Amino acid sequence: MDESRDRLPAVDGEPIAGWIRDHFERQAFMDRIGATIVRAEGGSAEILLPVRVGLLQQHGFVHAGVVAAIANAAGRCAALSLWAEGTEARTAEFKISLLAPASGAVLSARSRVIRSGRRLGVFAADVFAIARGGERCVAVALGTIARHPESFR
Amino acid sequence: LDAIERRIREDFARQDFMKTVGAEIVRFAPGCVEVQVDVHPALLQQDGSVDAGVLSAMADISAGYAAMSLLDPRAEGLTAEFKINFVAPARGPRLVARSRLIRVGRSLAASAADVFSVSGVEETCVATFLGTFAFK
(Lines give C-alpha, C1' and ligand atoms only; values in the text may rest on other atoms or scores of the structure.)
Protein backbone atom coordinates (compact mmCIF):
# COMPACT_ATOMS: atom_id res chain seq x y z
CA MET A 1 0.00 0.00 0.00
CA ASP A 2 2.88 2.40 0.78
CA GLU A 3 4.10 2.12 -2.77
CA SER A 4 1.22 4.29 -3.97
CA ARG A 5 2.44 7.14 -1.82
CA ASP A 6 5.63 7.47 -3.82
CA ARG A 7 5.12 10.07 -6.48
CA LEU A 8 6.55 8.60 -9.62
CA PRO A 9 8.62 10.98 -11.70
CA ALA A 10 6.87 12.17 -14.82
CA VAL A 11 7.80 10.22 -17.93
CA ASP A 12 8.85 12.52 -20.78
CA GLY A 13 8.03 15.45 -18.55
CA GLU A 14 4.28 14.77 -18.78
CA PRO A 15 2.51 13.33 -15.73
CA ILE A 16 -0.62 12.55 -17.75
CA ALA A 17 -1.34 11.67 -21.38
CA GLY A 18 -3.67 14.03 -23.23
CA TRP A 19 -6.18 11.30 -24.09
CA ILE A 20 -6.49 10.24 -20.45
CA ARG A 21 -7.02 13.88 -19.46
CA ASP A 22 -9.78 14.01 -22.11
CA HIS A 23 -11.32 10.84 -20.65
CA PHE A 24 -11.29 12.42 -17.21
CA GLU A 25 -12.67 15.72 -18.41
CA ARG A 26 -15.59 14.00 -20.12
CA GLN A 27 -16.77 12.92 -16.66
CA ALA A 28 -19.25 15.67 -15.82
CA PHE A 29 -19.66 14.32 -12.31
CA MET A 30 -15.95 14.82 -11.57
CA ASP A 31 -16.37 18.45 -12.64
CA ARG A 32 -19.52 18.75 -10.53
CA ILE A 33 -17.72 17.65 -7.36
CA GLY A 34 -14.62 19.69 -8.26
CA ALA A 35 -12.10 16.85 -8.73
CA THR A 36 -8.96 17.32 -10.83
CA ILE A 37 -6.48 14.78 -12.12
CA VAL A 38 -2.83 15.54 -11.47
CA ARG A 39 -1.13 12.35 -12.62
CA ALA A 40 -1.88 9.23 -14.67
CA GLU A 41 1.06 7.35 -16.10
CA GLY A 42 2.84 4.01 -15.88
CA GLY A 43 -0.03 2.33 -14.03
CA SER A 44 -0.59 4.90 -11.32
CA ALA A 45 -2.77 7.98 -10.98
CA GLU A 46 -3.72 10.69 -8.52
CA ILE A 47 -6.89 12.74 -8.23
CA LEU A 48 -7.29 15.74 -5.92
CA LEU A 49 -10.57 16.99 -4.48
CA PRO A 50 -10.93 20.16 -2.39
CA VAL A 51 -13.44 19.49 0.40
CA ARG A 52 -16.52 21.73 0.43
CA VAL A 53 -19.99 21.78 1.97
CA GLY A 54 -21.81 20.24 -1.01
CA LEU A 55 -19.83 17.00 -0.59
CA LEU A 56 -20.65 16.32 3.05
CA GLN A 57 -22.92 13.85 4.80
CA GLN A 58 -24.96 14.48 7.94
CA HIS A 59 -22.02 14.37 10.36
CA GLY A 60 -19.95 16.88 8.40
CA PHE A 61 -17.60 14.34 6.80
CA VAL A 62 -17.16 13.79 3.08
CA HIS A 63 -19.84 11.40 1.84
CA ALA A 64 -18.79 7.78 1.26
CA GLY A 65 -20.12 8.10 -2.31
CA VAL A 66 -17.69 10.93 -3.03
CA VAL A 67 -14.74 9.04 -1.53
CA ALA A 68 -15.73 6.02 -3.64
CA ALA A 69 -16.12 8.19 -6.76
CA ILE A 70 -12.56 9.56 -6.66
CA ALA A 71 -11.02 6.18 -5.72
CA ASN A 72 -12.82 4.65 -8.71
CA ALA A 73 -11.87 7.43 -11.12
CA ALA A 74 -8.21 7.21 -10.03
CA GLY A 75 -8.29 3.43 -10.49
CA ARG A 76 -9.76 3.71 -13.96
CA CYS A 77 -7.24 6.34 -15.09
CA ALA A 78 -4.35 4.22 -13.77
CA ALA A 79 -5.68 1.23 -15.72
CA LEU A 80 -6.06 3.33 -18.89
CA SER A 81 -2.44 4.50 -18.59
CA LEU A 82 -1.25 0.95 -19.36
CA TRP A 83 -3.59 0.42 -22.33
CA ALA A 84 -3.43 1.75 -25.87
CA GLU A 85 -4.31 5.35 -26.55
CA GLY A 86 -8.05 5.84 -27.01
CA THR A 87 -9.06 2.76 -25.01
CA GLU A 88 -12.56 2.98 -23.53
CA ALA A 89 -13.18 1.23 -20.23
CA ARG A 90 -15.81 0.94 -17.51
CA THR A 91 -15.64 -0.04 -13.87
CA ALA A 92 -17.00 -3.56 -13.36
CA GLU A 93 -16.87 -3.58 -9.57
CA PHE A 94 -15.01 -2.32 -6.53
CA LYS A 95 -14.77 -2.86 -2.80
CA ILE A 96 -13.97 0.02 -0.48
CA SER A 97 -13.23 0.09 3.24
CA LEU A 98 -13.78 3.43 4.93
CA LEU A 99 -11.11 3.50 7.62
CA ALA A 100 -11.72 6.90 9.14
CA PRO A 101 -14.12 9.81 8.70
CA ALA A 102 -12.99 11.88 5.71
CA SER A 103 -12.41 15.48 6.68
CA GLY A 104 -9.66 17.99 5.98
CA ALA A 105 -8.94 20.52 3.27
CA VAL A 106 -8.27 18.22 0.34
CA LEU A 107 -8.74 14.54 -0.46
CA SER A 108 -6.19 12.74 -2.61
CA ALA A 109 -7.01 9.43 -4.31
CA ARG A 110 -3.86 7.55 -5.37
CA SER A 111 -4.17 4.39 -7.36
CA ARG A 112 -1.94 1.74 -8.83
CA VAL A 113 -2.57 -1.13 -11.18
CA ILE A 114 -2.09 -4.57 -9.65
CA ARG A 115 -2.55 -6.39 -12.93
CA SER A 116 -3.21 -5.17 -16.42
CA GLY A 117 -4.63 -7.83 -18.73
CA ARG A 118 -6.04 -7.64 -22.23
CA ARG A 119 -9.65 -7.40 -21.09
CA LEU A 120 -9.47 -6.54 -17.40
CA GLY A 121 -7.36 -4.38 -15.16
CA VAL A 122 -7.25 -4.70 -11.37
CA PHE A 123 -6.43 -1.62 -9.31
CA ALA A 124 -5.86 -0.66 -5.70
CA ALA A 125 -6.49 2.88 -4.53
CA ASP A 126 -5.94 4.71 -1.27
CA VAL A 127 -7.74 7.91 -0.37
CA PHE A 128 -5.92 10.34 1.91
CA ALA A 129 -7.35 13.32 3.77
CA ILE A 130 -4.84 16.15 3.73
CA ALA A 131 -4.94 18.86 6.37
CA ARG A 132 -2.37 21.24 7.83
CA GLY A 133 -1.23 18.61 10.29
CA GLY A 134 -0.37 16.10 7.55
CA GLU A 135 -2.26 13.35 5.81
CA ARG A 136 -4.26 10.36 6.92
CA CYS A 137 -5.47 7.34 4.96
CA VAL A 138 -9.29 7.38 5.13
CA ALA A 139 -10.18 4.63 2.63
CA VAL A 140 -8.74 1.74 0.67
CA ALA A 141 -10.34 0.32 -2.46
CA LEU A 142 -9.78 -2.63 -4.77
CA GLY A 143 -11.54 -2.73 -8.11
CA THR A 144 -11.82 -4.18 -11.61
CA ILE A 145 -11.86 -2.16 -14.82
CA ALA A 146 -13.28 -3.77 -17.96
CA ARG A 147 -11.96 -2.65 -21.32
CA HIS A 148 -14.54 -1.96 -23.98
CA PRO A 149 -14.40 -4.92 -26.43
CA GLU A 150 -13.84 -2.56 -29.40
CA SER A 151 -10.61 -1.46 -27.74
CA PHE A 152 -8.76 -4.77 -27.97
CA ARG A 153 -10.28 -6.48 -30.98
CA LEU B 1 -41.91 3.86 13.62
CA ASP B 2 -42.95 7.46 12.98
CA ALA B 3 -40.14 8.73 15.20
CA ILE B 4 -37.60 6.66 13.27
CA GLU B 5 -38.92 7.74 9.89
CA ARG B 6 -38.87 11.38 10.98
CA ARG B 7 -35.34 10.96 12.33
CA ILE B 8 -34.11 9.40 9.07
CA ARG B 9 -35.76 12.06 6.91
CA GLU B 10 -34.16 14.78 9.05
CA ASP B 11 -30.80 13.03 8.84
CA PHE B 12 -31.18 12.79 5.07
CA ALA B 13 -32.05 16.49 4.81
CA ARG B 14 -28.74 17.33 6.52
CA GLN B 15 -26.70 15.50 3.86
CA ASP B 16 -25.48 18.25 1.55
CA PHE B 17 -24.11 15.74 -0.92
CA MET B 18 -27.61 14.33 -1.41
CA LYS B 19 -28.67 17.85 -2.50
CA THR B 20 -25.70 18.01 -4.86
CA VAL B 21 -26.89 14.76 -6.45
CA GLY B 22 -30.60 15.61 -6.24
CA ALA B 23 -31.59 12.46 -4.33
CA GLU B 24 -34.83 11.99 -2.42
CA ILE B 25 -36.37 9.31 -0.22
CA VAL B 26 -39.48 8.12 -2.05
CA ARG B 27 -40.49 5.15 0.11
CA PHE B 28 -39.82 4.27 3.70
CA ALA B 29 -40.54 0.88 5.28
CA PRO B 30 -38.76 -0.99 8.08
CA GLY B 31 -35.72 -2.64 6.50
CA CYS B 32 -36.26 -1.06 3.06
CA VAL B 33 -35.71 2.56 2.08
CA GLU B 34 -36.08 3.65 -1.51
CA VAL B 35 -33.91 6.51 -2.80
CA GLN B 36 -34.56 8.16 -6.16
CA VAL B 37 -32.50 10.39 -8.45
CA ASP B 38 -33.59 12.06 -11.68
CA VAL B 39 -30.62 11.77 -14.02
CA HIS B 40 -29.16 15.11 -15.11
CA PRO B 41 -26.02 15.90 -17.14
CA ALA B 42 -23.82 16.76 -14.12
CA LEU B 43 -24.09 13.16 -12.85
CA LEU B 44 -22.61 11.52 -15.92
CA GLN B 45 -19.25 9.89 -16.51
CA GLN B 46 -17.22 9.68 -19.73
CA ASP B 47 -19.54 7.24 -21.58
CA GLY B 48 -22.76 9.18 -20.89
CA SER B 49 -23.96 6.84 -18.15
CA VAL B 50 -24.32 7.87 -14.49
CA ASP B 51 -21.03 7.99 -12.54
CA ALA B 52 -20.18 5.02 -10.33
CA GLY B 53 -19.87 7.41 -7.39
CA VAL B 54 -23.50 8.49 -7.70
CA LEU B 55 -24.71 4.87 -7.85
CA SER B 56 -22.50 4.04 -4.85
CA ALA B 57 -23.88 6.98 -2.88
CA MET B 58 -27.51 6.05 -3.63
CA ALA B 59 -26.98 2.42 -2.67
CA ASP B 60 -25.05 3.39 0.46
CA ILE B 61 -27.79 5.75 1.66
CA SER B 62 -30.57 3.29 0.88
CA ALA B 63 -28.84 0.34 2.59
CA GLY B 64 -27.65 2.41 5.57
CA TYR B 65 -31.13 3.78 6.27
CA ALA B 66 -32.59 0.28 5.96
CA ALA B 67 -30.38 -0.65 8.91
CA MET B 68 -31.20 2.52 10.83
CA SER B 69 -34.92 1.91 10.28
CA LEU B 70 -34.78 -0.97 12.76
CA LEU B 71 -32.57 0.69 15.34
CA ASP B 72 -33.07 3.08 18.20
CA PRO B 73 -33.88 6.49 16.68
CA ARG B 74 -30.88 7.96 18.51
CA ALA B 75 -28.36 5.59 16.89
CA GLU B 76 -25.60 7.18 14.82
CA GLY B 77 -24.34 5.11 11.90
CA LEU B 78 -21.31 5.17 9.61
CA THR B 79 -20.49 3.07 6.55
CA ALA B 80 -17.58 0.74 7.37
CA GLU B 81 -17.17 -0.86 3.94
CA PHE B 82 -19.02 -1.86 0.81
CA LYS B 83 -18.67 -3.82 -2.41
CA ILE B 84 -20.55 -2.77 -5.50
CA ASN B 85 -20.89 -4.39 -8.92
CA PHE B 86 -21.88 -2.29 -11.91
CA VAL B 87 -23.84 -4.66 -14.09
CA ALA B 88 -25.16 -2.34 -16.81
CA PRO B 89 -24.75 1.31 -17.88
CA ALA B 90 -27.10 3.53 -15.86
CA ARG B 91 -28.91 5.87 -18.23
CA GLY B 92 -32.19 6.68 -16.50
CA PRO B 93 -34.08 8.95 -16.94
CA ARG B 94 -34.71 7.92 -13.34
CA LEU B 95 -32.67 5.82 -10.92
CA VAL B 96 -34.06 4.04 -7.87
CA ALA B 97 -32.06 2.33 -5.11
CA ARG B 98 -33.92 -0.29 -3.08
CA SER B 99 -32.42 -1.89 -0.02
CA ARG B 100 -32.94 -5.01 2.00
CA LEU B 101 -31.59 -5.38 5.47
CA ILE B 102 -29.75 -8.64 6.02
CA ARG B 103 -28.86 -8.49 9.69
CA VAL B 104 -28.67 -5.95 12.48
CA GLY B 105 -26.42 -6.83 15.39
CA ARG B 106 -25.51 -4.78 18.43
CA SER B 107 -22.91 -2.60 16.70
CA LEU B 108 -22.85 -3.76 13.08
CA ALA B 109 -25.45 -4.19 10.37
CA ALA B 110 -25.18 -5.93 7.01
CA SER B 111 -27.41 -4.46 4.35
CA ALA B 112 -27.78 -4.85 0.58
CA ALA B 113 -29.16 -2.58 -2.12
CA ASP B 114 -29.85 -2.76 -5.83
CA VAL B 115 -29.93 0.28 -8.08
CA PHE B 116 -32.36 0.23 -10.99
CA SER B 117 -32.51 2.43 -14.04
CA VAL B 118 -36.16 3.25 -14.71
CA SER B 119 -37.62 4.28 -18.05
CA GLY B 120 -41.42 4.31 -18.11
CA VAL B 121 -42.49 0.94 -16.71
CA GLU B 122 -39.22 -0.72 -17.60
CA GLU B 123 -36.64 -1.34 -14.87
CA THR B 124 -33.07 -2.53 -15.39
CA CYS B 125 -30.75 -3.46 -12.53
CA VAL B 126 -27.56 -1.39 -13.01
CA ALA B 127 -25.71 -1.97 -9.75
CA THR B 128 -25.79 -4.29 -6.75
CA PHE B 129 -24.32 -3.35 -3.38
CA LEU B 130 -23.47 -5.13 -0.12
CA GLY B 131 -22.27 -3.08 2.83
CA THR B 132 -21.41 -3.08 6.52
CA PHE B 133 -22.58 -0.25 8.78
CA ALA B 134 -21.22 0.51 12.24
CA PHE B 135 -23.50 1.97 14.90
CA LYS B 136 -23.10 3.51 18.28
Side-chain angles (χ1 to χ4, degrees), chain A residues 19-20 22-35 47 49 51-73 75-77 80 88-102 109 139-146 148, chain B residues 7-8 10-23 35 37 39-65 68 76-90 97 127-134:
Chain A
W19 72 276
I20 298 180
D22 288 346
H23 165 95
F24 184 83
E25 287 172 357
R26 274 186 285 133
Q27 300 186 54
F29 185 64
M30 287 293 119
D31 183 53
R32 177 60 175 263
I33 62 175
I47 286 172
L49 176 67
V51 174
R52 59 181 173 83
V53 170
L55 306 179
L56 305 182
Q57 39 85 305
Q58 71 279 24
H59 306 304
F61 303 119
V62 179
H63 199 279
V66 176
V67 175
I70 58 170
N72 168 55
R76 192 164 54 220
C77 289
L80 288 175
E88 295 286 347
R90 295 184 60 237
T91 303
E93 59 83 39
F94 64 81
K95 156 80 165 86
I96 187 163
S97 289
L98 302 148
L99 308 176
V140 294
L142 197 58
T144 308
I145 307 295
H148 192 280
Chain B
R7 162 71 211 286
I8 286 177
E10 282 167 11
D11 191 84
F12 184 79
R14 279 188 284 129
Q15 301 218 31
D16 289 305
F17 182 59
M18 289 295 108
K19 286 176 210 138
T20 301
V21 167
V35 174
V37 165
V39 174
H40 56 92
L43 303 182
L44 304 182
Q45 56 179 24
Q46 76 288 350
D47 63 355
S49 67
V50 177
D51 192 279
V54 176
L55 303 178
S56 302
M58 290 178 71
D60 173 54
I61 285 286
S62 168
Y65 284 152
M68 269 177 78
E76 296 279 354
L78 272 178
T79 309
E81 61 84 40
F82 64 81
K83 162 82 162 76
I84 185 164
N85 278 48
F86 303 99
V87 296
T128 182
F129 167 109
L130 185 60
T132 309
F133 299 86

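Quick caveat: nothing in here was measured; it's all calculated off a predicted structure. Computed over heavy atoms, backbone and side chain alike; hydrogens, waters and symmetry mates excluded. Naming convention: chains lettered A, B, ... in sequence-line order (proteins, then strands); numbering from 1 in each chain.
Of the listed residues (B/Glu76, B/Met58, B/Lys19), the greatest number of heavy-atom pairs within a distance under 4.5 Å of chain A belongs to B/Glu76. Highest contact tally toward chain A, considering only B/Lys83, B/Met18, B/Arg14, is held by B/Lys83 [criterion: heavy-atom pairs under 4.5 Å]. Considering only heavy-atom pairs separated by less than 4.5 Å from chain A, the leading option among B/Gln15, B/Glu10, B/Glu81 is B/Gln15. Counting heavy-atom pairs closer than 4.5 Å to chain B, the top-ranked of the candidates A/Gly65, A/Pro101, A/Ala139 is A/Gly65. Comparing A/His23, A/Glu25, A/His148, A/Glu88 by heavy-atom pairs within less than 4.5 Å of chain B, the highest count is held by A/His23. Counting heavy-atom pairs closer than 4.5 Å to chain B, the top residue among A/Gln57, A/Met30, A/Glu93 is A/Glu93. The choice from B/Ala57, B/Pro89, B/Pro41 that makes the most heavy-atom pairs within less than 4.5 Å of chain A is B/Pro89.
Here the closest non-hydrogen pair linking B/Thr20 and A/Arg32 is O-NH2, 3.1 Å. Across every non-hydrogen atom of B/Val21 and A/Phe29, the tightest pair is CG2-CE1, 4.5 Å. The minimum heavy-atom distance between A/Ala64 and B/Phe82, with the atom names listed, is CB-CE2, 4.4 Å. The two residues A/Ala69 and B/Gly53 come nearest to each other via the heavy atoms CB-CA, 3.5 Å. The heavy-atom pair separating B/Gln46 from A/Arg26 by the smallest distance is O-NH1, 3.3 Å.
Neither the backbone nor the side chain of B/Val87 comes within contact range of chain A; no heavy atom of the residue lies under 4.5 Å from a heavy atom of that chain. With a 4.5 Å cut-off on non-hydrogen atoms, A/Leu142 does not touch chain B at all. Contact annotation for A/Asp31: neither backbone nor side-chain heavy atoms come within less than 4.5 Å of a heavy atom of chain B. Using a 4.5 Å cut-off between heavy atoms, A/His59 touches chain B through its side chain atoms alone. Only the backbone of B/Ala80 comes within less than 4.5 Å of a heavy atom in chain A; its side chain stays farther off. Only the side chain of B/Ile61 comes within less than 4.5 Å of a heavy atom of chain A; its backbone N, CA, C and O stay farther away. Proximity to chain A (any heavy atom under 4.5 Å) is shown, for B/Ile84, by both the backbone and the side chain. Heavy atoms of B/Asp60 lying under 4.5 Å from chain A belong exclusively to its side chain. Using a 4.5 Å cut-off between heavy atoms, A/Ala35 makes no contact with chain B at all.
Here B/Ser56 contributes atom OG and A/Ile96 contributes atom CD1; the two are 8.0 Å apart, rounded to the nearest 0.5 Å. With values rounded to the nearest 0.5 angstrom, B/Leu55 atom CG is found 10.0 Å from A/Asn72 atom CG. One distance of note links CD of A/Gln58 with CG of B/Leu78; it measures 7.5 Å at 0.5 Å rounding.
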request  = Would you check, one step at a time, whether the test side chain to side chain donor-acceptor pair (under 3.5 Å) holds for A/Gln27 with B/Gln45?
outcome  = CA-CA 4 Å; A/Gln27 300 186 54; B/Gln45 56 179 24; over 6 Å; no
message = Evaluate A/Arg52 against B/Asp16 for side-chain contact (heavy atoms from CB on, under 4.5 Å), listing each step before the verdict.
response = CA-CA 10 Å; A/Arg52 59 181 173 83; B/Asp16 289 305; over 6 Å; no
